Amino acid sequence: MSSRGRRANGGLLTYLLDRVGIQGFISRPQEGRISVKGALEAAFIKPIPHTSWWSCFGGIAFLLFLIQAITGLLLMFFYIPADPEAHRTILYLSGLAPFGWFFRTTHHWAGIGMMLALSLHVLRVFVKGAYQRPRDLNWVIGSALFFLTAGFILTGDLLPWTRSAYWSAVWWTDLVGNFPVIGHQIMLFLRGGENVTGSTITRFYVFHVFLLPTFTTLLMIVHFAIARKLGISEPL
Amino acid sequence: MTTRSFKGRRKHARRGEQKEYPFYPNFVLRIFMAIMGTVAVIAVLSALFPLSLDQIADPLAAPDPGTRTLWILKPAILLYNITFSPGITVVLITIFAALFVLLPLLDRSGQRSIKRRILVAIPFLLWMIFLALSLLFSTGVPG
């Protein structure tokens, strides 16, 4: 088949998948079909270097992301993103729902832990100089994941609709509104109007449970695929 | 340079000659310990320090000076207290974020010496000191 024909048959997609290593992760290219068993076997027998405990913080951050996804899903069964139902449902969740307080607190601590683990992961990558080529693309994706995690915390804080969360949200959205040229439009988009109201809760809820998790999951897949392809960086 | 071999013995190896071992069965126990340790820490923290619930938000009420601040905002609040300008604060935060993301373009030397790493790590340490100061001294949401 000519190169033009290959491009027409998904050559660009194949190139991109090969660039980030996803194709090799989900299938054996030489077999020409997707094999879950083969992928699992390859994952388990893949040789990896023996590294220090500093190398585990990326994995711990991912584990805490999974804990947050599970506890967040359980909280969603009770939560209503509106004023004043948001506060009432959290009140019910904290006092009356079985283990509601525990899942809410676990969700909170896992968020702090994820940010801490990510910070330590970034510190290791930074000190080792692993942000340089060929891992430069992975640094950019990783830093995007870092900011997305901060976005999780910022949007999730308002959801209980408490007094302190309200004033925090007013302050930081107002700060965003002071960005030159486009700041005010971004603030209106975030708040759903001029002020922080019930519609802001709904918007932050959509960010917190749909948009941010979707982008985070997609970027994580690419991040892991590149890390798997290039391997863990060498020590100093 | 010195690296630690899998069985705990120290052995000398040149850079680029790291020994590699199959994930199974060499690293399964280590991964399991990391997972269980993390879950245990989070569960203990949740049990010992349950999250309290503040009063319901009232947009018509004036902000209380003692209102708790979201911890992740504290560096930004400290920056605001230094500059006294929300416009400058948000532009500075954007510049810091852009420098963070574009770091591979700023440091393309390819050198991997410890001296070089320490030099590059100085801005990071300054950032950590700033973060620590903001967590220690920053108070409520500025009016």
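To find a chain, count down the sequence lines: A is the first, B the second, and so on, and within it residues start at 1. Values in this document were obtained by computation on a predicted structure and should not be read as measured data.
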*asked:* Taking side chain as everything from C-beta outward and backbone as N, CA, C, O, which of these in A:Leu63 sits under 4.5 Å from a heavy atom of chain B? Side chain, backbone, both or neither.
replied: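 Only the side chain of A:Leu63 comes within 4.5 Å of chain B.
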Are any of the side-chain heavy atoms of A:Leu93 and A:Trp101 separated by less than 4.5 Å?
no
Side-chain donor-acceptor pair under 3.5 Å between A:Thr71 and A:Thr106, yes or no?
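No, no side-chain donor-acceptor contact under 3.5 Å.
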Is there a donor in the side chain of A:Thr173 and an acceptor in the side chain of A:Arg191, or the other way round, less than 3.5 Å apart?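 Judged by distance alone, the side chains do pair up.
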[X] versus chain A, the contacting section by heavy-atom distance below 4.5 Å:
X       : result
B:Ile93 : side chain
B:Ala97 : both
B:Ser52 : backbone

I'd like to verify something: which residue of [options] has the highest number of heavy-atom pairs under 4.5 Å with chain A?
options                              : value
B:Ile42, B:Ile31, B:Val39, B:Leu105  : B:Ile42
B:Leu102, B:Val41, B:Val101, B:Val28 : B:Val101
B:Ile56, B:Val90, B:Thr38            : B:Ile56
B:Val91, B:Thr94, B:Asp58            : B:Thr94

message = Heavy-atom pairs under 4.5 Å with chain B - which of A:Phe146, A:Phe179, A:Trp139, A:Tyr166 has more of them than the others?
response =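 Highest number of heavy-atom pairs under 4.5 Å: A:Trp139.
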- Query: Just by distance, do the side chain of A:His208 and the backbone of A:Leu154 share a donor-acceptor pair under 3.5 Å?
  - Reply: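 Absent.
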Is it true that atom CZ of A:Phe147 has more than 12 heavy atoms of other residues, nucleotides or ligands lying nearer than 6.0 Å? yes
Side chain to side chain contact (heavy atoms under 4.5 Å, CB included) filter on A:Phe215, not counting sequence neighbours, yields A:Leu148
